[in-house]
Amino acid sequence: MKKIGTLVFFCLMLFMLPSLSHASAGLHLYLNGVSLSPSAEAQMIKSTTMIPIRVVVEELGFQVDWNKKTRTVTIHNDKKTIELVVSQKWATVNGKKVNLDVAPIIKSDTTLVPLRFVGETMGLVVDWENETKSVYLFTSDFGSEVTQPKPPVTQPDPDQGGSTGTGESKVEEIQTMSFEDNRLIIGVSKGDLKPTQQRLTGPDRIVVDIPNSKFSDAFSKTQNFASSGQAEFIVQDHPVVEKIRYSQYSDNPATVRVVIDMKQSQNFSVYTTKDPNTVVVDLNGSSPDPGTDTGTGTLPPHSGKYIVVIDAGHGAKDPGAISIKKRNEKDFNLAQALKVAEVFKNDPDVEIILTRTDDTFLELKERVAFAKQHHADLFVSIHANSINKSSISGTETYYSRDDESKAFAQVMHNNLVKGTRLPDRGVRKQSLHVTRETNMPASLLEVGYLTNQTDESALYQEDFQYRVAQSIKDGIKQYLGLKS
Amino acid sequence: MKKTILVLSTLLLTIAIAAGCGQKSADPQPGDQTEVVQPAEQTLRIQSFYTDDQILNLVPKDTEIKFSDAKAKYLTALKTLQQTDDEKLIALWDKSEFLSATLKDDGALTIDVKIPEDAHLGASGEDLALQALLKTSFQFDEVKTVDILVDGKSVDSLMGHVELEHPFSRN
């Protein structure tokens, strides 16, 4: 209990940090908001903060071995082992070689190691504040444990390291991640998660921890996690945001960390929404005190553009139908969806978001959740048809909900058949998951029959796909009342 | 208080004995039955479901199934969905395989299917194929629920357009 109290205190300290220390000649080190002893003797070398290995042991609590012969420093805890060699600009982390900006050095009989590298590798958050020449270090349990209010009565568990089954059942899933309209939108399986946020400088970045969460299997499959356990995507041509990185920061308690690397400092707010369940990091609003604004709210209407989710059907393990020439439906669907996004590029009114941009698989409900989480105005699923009768040919458009989708499906179909130039097999109502469970006008396009020779050879041609993409664009614009 | 416990435990004991006896006397019965019942072939007229060449509607058609073991009834019925003599109709399950169809005492029918990739249908084809399977199964009054497995696994969807319920109930 005392520990929680202390952590809460640390948490408060976090918000007070900027006013804590005033610039002076030396460097200041803080661990979880508490100043380390002035004898820490950190130094700057080529704008990298170096600390004596003694500090690593005494203040940060890691185990350190020093081999005088090989001049090797080994720093380890139960999970990670770092080996650094004096004057070598590389190190190994659990046996894997990584490059360093600055090599460890010996100065007046003290071995100095790069603080950020050591700290971050060992799981600390390292924040440099230039004005005050201060380094703020935070332990991983600092952020996440505070936000995980454990009823003290039911938590007499002294076994802190072991994974107890109790917490696992409550772990929620991170399902989607996208950046649009100056917002990072993280789709989650439950609405009332309690994200914590930190704003760090040098370089500027925003760190959001989502306690009690892990990446869903489906999401993980679509991501390229590096060996460090981190995946990232680059936000193209954004004035402020460089890229977004995320990882399973901690397994116990399960915590997902998302870092937005910024080109410059920017005010932001973090909030959660329910149905769709999201955690939003919003760079639009200038919150007066970004340190404390972990409030809940609803997603404000997106500024200006209509959001249209284009869903390429099937993917990865699910090839969809197999064409008469043994080509996969999933490949047509993706190529066609990508072309729709392409013809909409730089459109002033419509923003296209794709459920998948490569050969990955999403369950039907994940496609629906994706559209809801992005607050899509329209949803279009792209498919190609198949039936065991090769004479059947043509274009069909499906919808499920009369009130919301019938008119949309009709407009889409009228345009689509002009694009495909295949027989018009009509607009059909059918109970399909993605068109039924979405809550915006939704249609599913069966562009043509892969089991028909004429349709099949057309569908895999570039010019056909561009023509269809343009017809889909025309349909969307017509339905939205926009000039095409 | 003590009296209540005594009464209760007596009651429980009685139930336990009764249940035990029931089981014992029931046990030999199935054995007797198999001796008595000849493996005579049964013929049954059922409805099988297909679609029209517009792939718009489910079309029922009377078919005849023959089976000797009562347990084989459901699998035999489902296999009628794999072909039809009627040229105007399309058999939606022609390239798929029905591996098993087992009915439990509580009316839960579990159907295990194999769907090769080249049997994947479009949106309406999948929906109609699913409806055909369910209607064919639920025409037997004793079937209360239908759970469809693909290669023994409980999956979200057969062909990626329509979700499966595990199990489907008679509506």
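Quick note: numbers below take in every heavy atom, side chains included, and nothing from hydrogens, waters or symmetry partners. Naming convention: chains lettered A, B, ... in sequence-line order (proteins, then strands); numbering from 1 in each chain.
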Option that, when pairs with chain A are counted at under 4.5 Å, heavy atom only, ranks first among B:G122, B:G125, B:A119: B:G122
Inter-residue atom distance A:K326.NZ - B:E117.CD, 0.5 Å rounding: 10.0 Å
Region of A:I392 in contact with chain B, defined by heavy-atom distances below 4.5 Å: side chain
Side-chain (A:N388) to main-chain (B:A91) donor-acceptor, under 3.5 angstrom: yes
Straight-line distance of A:I324 CD1 to B:D118 CG, nearest 0.5 Å: 13.0 Å
Inter-residue atom distance B:D127.CG - A:R428.CZ, 0.5 Å rounding: 11.5 Å
Proximity breakdown for B:I55 and chain A, heavy-atom pairs closer than 4.5 Å: both
Least distance between heavy atoms, A:H314 atom then B:M159 atom: CE1-O, 2.9 Å
A:R436 versus chain B, the contacting section by heavy-atom distance below 4.5 Å: side chain
Atom group of B:S157 that falls short of 4.5 Å from chain A, counting heavy atoms: side chain
B:K71 atom NZ, over 12 foreign heavy atoms within 6.0 Å: no
Residue A:Y449 versus chain B: region with a heavy atom under 4.5 Å: side chain
Flag, side chain of B:H120 to backbone of A:G320, donor-acceptor distance under 3.5 Å: yes
Heavy-atom closest contact (B:Q54 atom, A:R425 atom, distance): O-NH2, 3.0 Å
Plane angle bin for A:H383 and B:H161 - parallel if under 30°, tilted between 30 and 60°, otherwise perpendicular: tilted
B:K73, NZ atom: more than 12 neighbouring heavy atoms under 6.0 Å: yes
More than 12 heavy atoms from other groups under 6.0 Å of CD on B:E165: yes
Within 6.0 angstrom of A:D403 CG, more than 12 heavy atoms from elsewhere: no
B:E126, part contacting chain A, at a heavy-atom distance under 4.5 Å: neither
CG on B:L128 to CD1 on A:I387, rounded to 0.5 Å: 8.0 Å
Leading residue by heavy atom contact count with chain B [cutoff under 4.5 Å; candidates A:R367, A:Q430, A:E396]: A:Q430
Under 4.5 Å from a heavy atom of chain B, the part of A:L444 involved: side chain
Residue among A:N328, A:N385, A:L432 with most heavy-atom pairs under 4.5 Å to chain B: A:L432
